[in-house]
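These notes concern the structure reproduced below.
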Amino acid sequence: MSQDNAKTVYLKDYQPPAFSVESVELTFSLFEEQCQVRSNLHIKRQHPGQLVLNGGQHAEVLRVEVNGELLHESGYRVSGEDWVIEAVPDEATLTVLTQLQPQNNTTLEGLYKSSSMYCTQCEAEGFRQITLYPDRPDVMSVFTTRIEADKALYPVLLSNGNLVEQGELENGRHFAVWHDPFRKPSYLFALVAGDLQHIEDSFTTMSGRAVTLRLYTEARNISKTEFAMGALQRSMKWDEEAYGREYDLDLFNIVAVDDFNMGAMENKSLNIFNSSCVLARADTTTDAGFQRIEAIVAHEYFHNWSGNRVTCRDWFQLSLKEGFTVFRDSQFSSDMGSAAVKRIEDVTLLRTAQFAEDAGPTSHPVRPDNYMEISNFYTLTIYEKGAEVVRMIHTLLGAELFRQGSDLYFERFDGQAVTCDDFVRCMEEVSGRDLTQFMRWYTQAGTPRLQVTDEYDAATGTYYLDVRQSCPATPGQEQKLPFHIPLAVGLLYPDGTEHHLQGDSTLVLDVTEAEQRFMFKGITQRPIPSLLRGFSAPVKLDYPYSREELSFLMSHDTDGFNRWEAGQRLAMAILQEQIGAIQAGEELEVDPALIAAFERVLDDTDLDYAVAAKVLTLPSEAYLAENAQVIDVEAIHQARRRVRKVLADALCARFRERYHATEPDGVYAFHGSSIGQRALNNLCLGYLLATEREEALELVRQQYAEADNMTDSMGALAAVVHSPFTTVADELLEQFYGRWSEDALVVNQWLSLQASVAGEGTLAKVQSLLQHAAFDWRNPNKVRSVLGAYGQSSVGFHRADGAGYEFLADQVIHLDPMNPQLASRMVTPLTRWRRYPAARQAQMRAALERIAAQPLSKDVYEIVSKSLA
Ligand code: 0A1
Ligand code: ZN
């Protein structure tokens, strides 16, 4: 493992840039063998210090001039990616000429080729792979971009801002000039050149300005663009209504590209999307896929204010834009669909994946104070926990004051690069609240634990809640100080009525001490507490609920989220005792309380279908693993399978009834009630198949044959692929591939379904998928569909012989030289080795050590070295 390039950057070392870039003119000359970039920077001194530019290995510097004079070797010093230019006048024009080979750039950072088009990805530090530049978010400049390319091959030439000029050149070439009037950091720069089709629509803003909206893609995908266009219009409207944010240019472009490391990118007025996160059609995309696309389109659009107009001072502040924008997109999704279901999904992701990250070797605060490779910090902690932190501020202040705080933030910092403190200070100012202690959410890592007990004094009608908080040590942070935790509570009486606390059914308690007692007066009977309503803080909460109390809350809690949560707690307790029994080699009856609870839900035809489907879904193996002291993959898998089968057998008739009763009529439509119907249908189908009866298999075949949409096709296919009916599974998988082999996005769903099967045979299957014609190492979606899915496949990956770990290590080593960002993501499952029993720990460590023995990218080096430390 080499440490040469793995330097740690610290927040405490932040210095403002010595020079600003007042404006920049870029000229890209695109040719098949190479591309040249000429850049003119108009710089101006702001602070004492030297001019530091950044240059990456993909940009070969051909020439640098200062005010038209060639810069000689004595005039600069290069250290790593930093070019320190000596003796520059306080105002100057720098000219930089670089040469690139985008066709060979497999890292997908900077300028690269995807299919037949050129595109860019500059966040976080990709712009330095294009030209020498002060590539840091606090240098904001006005960009003018000229693109020259062959007209037949690249008829469409796009960049940020407005098209100001275009025309013909010699030799069948043409050019376009784009000007973006808004100052922006280099990470928001974008360029696209290709043979693209587009759809066009418009949006009239609240002040009456007409904005042209275009969505570009290669011709073969044009039939999948309409949904995203609608989602964009809904987002623009919502941001005006909910946040008073109006779009600021006359044109907004989205481009879909096949090879992309992340989901999408918010480049100013030229959002670039991974095609999997923007292209959709009923026959190729599941309901979950549609919802994801709507959320990502909104997320990127919302960045125009939370990210672009107001950006981050440095990359430690990444959650300033990401946490806030995820919070905004989740509010949008709640408003577009079911708020209860959206909250359940967000919390599920947070508690399985983010909590696991926060308990592992790469745990970091929402505002980290150091990093080696910033690309590794686009994490669930920055995004999802960051959103929860903003959500807590919203809970503490209330909707109205929060909106005032956000208005103040956008007004005060428009056009600036700022910090998380600046954001929180606006919230303090409008509310008069002191959020000093609250800031610990930004600086302390780890998931706090709340231990709640209670006491009821019948004589005085007083009820007490005793809350103790703690937070486990995380790397570099042994001791934690108490957090400021908004704890939303309600009190229910045994007859199902609710005690009103200060006139409201829910009261938000400010938990600020390590141990704290809360007192409630006028309580006429011992109540059942409904704690952490709506999941008001990203914590783990313990309270000694009895199974009767949980069943009671499942039916009577007035908080929709906590009704679901009570069911999850009940199921968890029952699954955990089954795990214990399996480990002890004993047979234990599945507590009939769970069957009874499920039966009540199945009988409740008034309950929203989508919510019912969530309530009837057992906690995942990943969630069970996250909550285990030591992860016994086998026992977890068996226990969950067993409980599922017991529920399926006991309630078979009910599942059948609901399956038929909720058969959607008419053709596919993407709207609330039919999404819920399909979710509940597919859930019932899954349970029916879990009975392992032939008649259920017939239902699967029938649904698969008759489906007019991907949700139902995939529902049937997934049910059978995860069942013991392997012959039928293989038959349908083959049929599916035969039908969809030309559609890469559908094939990806087919790949990941097979790679995620929980079985010994999955490794061999995954090995053969890597050889399949449909696989391509250079396409991150393919790699994620196979390796990413495999790493999550519980018993498929965590084989007793350790072959899964060996295999993953080999693939990471193979991938790293091609695409470090992606390789580094693929390592994640191995980094969690401390959570497993000793034998598996040793095997996982050995796999990590083998990776560590290779020459590695900074990306993989950081993750591997931190997880071995
Ligand atoms: N800012 C984008 C996500 C993104 C982040 C990093 C990237 O490259 C390292 C690419 C995209 C978003 O939040 O959508
Ligand atoms: Zn984002």
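Order of appearance sets the numbers: ligands from 1, and atoms from 1 within every ligand.
Within the 4.0 Å heavy-atom cutoff, Lys321 counts among the residues contacting ligand 1. Using a 4.0 Å cutoff on heavy atoms, Gly263 does not count as a contact of ligand 1.
Both tests do not hold together for Arg343 against Phe535: distance to the six-membered ring centre under 6.0 Å, angle to the ring axis within 45°. Judged by the 6.0 Å distance and 45° axis criteria, Arg778 is not positioned over the aromatic ring of Phe260.
Checked against the Zn ion (ligand 2), the N, O or S atom of Glu322 at the shortest distance is OE1.
Taking atom 1 (N) of ligand 1 as the reference point, the nearest protein heavy-atom neighbour is Glu123 OE1, 2.6 Å. For atom 14 (O) of ligand 1, the closest non-hydrogen atom on the protein side is Glu300 OE2, 2.6 Å. For atom 13 (O) of ligand 1, the closest non-hydrogen atom of the protein is Tyr383 OH, 2.7 Å.
Listed by number with element, the atoms of ligand 1 under 4.0 angstrom from any heavy atom of Tyr378 are 5 (C), 6 (C). For ligand 1, the atoms lying closer than 4.0 Å to a non-hydrogen atom of His299 are 12 (C), 13 (O), 14 (O).
At a cut-off of 3.5 Å, with distance as the only test, no side-chain donor of Gln99 or His58 sits close to an acceptor on the other residue.
Annotation: Glu266 places an N or O atom under 3.5 Å from an N or O atom of ligand 1; distance criterion only. Considering backbone and side-chain N/O of Ala264, one or more are found under 3.5 Å from N/O of ligand 1.
Remark: Asp258 does not engage Lys782 in a salt bridge, criterion side-chain N to carboxylate O under 4.0 Å. Between Lys7 and Glu373, none of the side-chain N atoms (NZ, or NE/NH1/NH2) sits under 4.0 Å from a carboxylate O, so this pair counts as no salt bridge.
Considering Thr419, Val366, Asp421 as possible partners of Tyr442, the one that fulfils the side chain to side chain contact (heavy atoms under 4.5 Å, CB included) test is Val366.
Scored by the salt bridge (charged side-chain N to carboxylate O under 4.0 Å, His left out) test, Asp369 finds no partners at all (sequence neighbours excluded). Residues meeting the salt bridge (charged side-chain N to carboxylate O under 4.0 Å, His left out) test with Glu300, sequence neighbours left out: none.
Using a 4.0 Å cut-off between heavy atoms, Glu322 contacts ligand 1 through its side chain alone, with no backbone atom that close.
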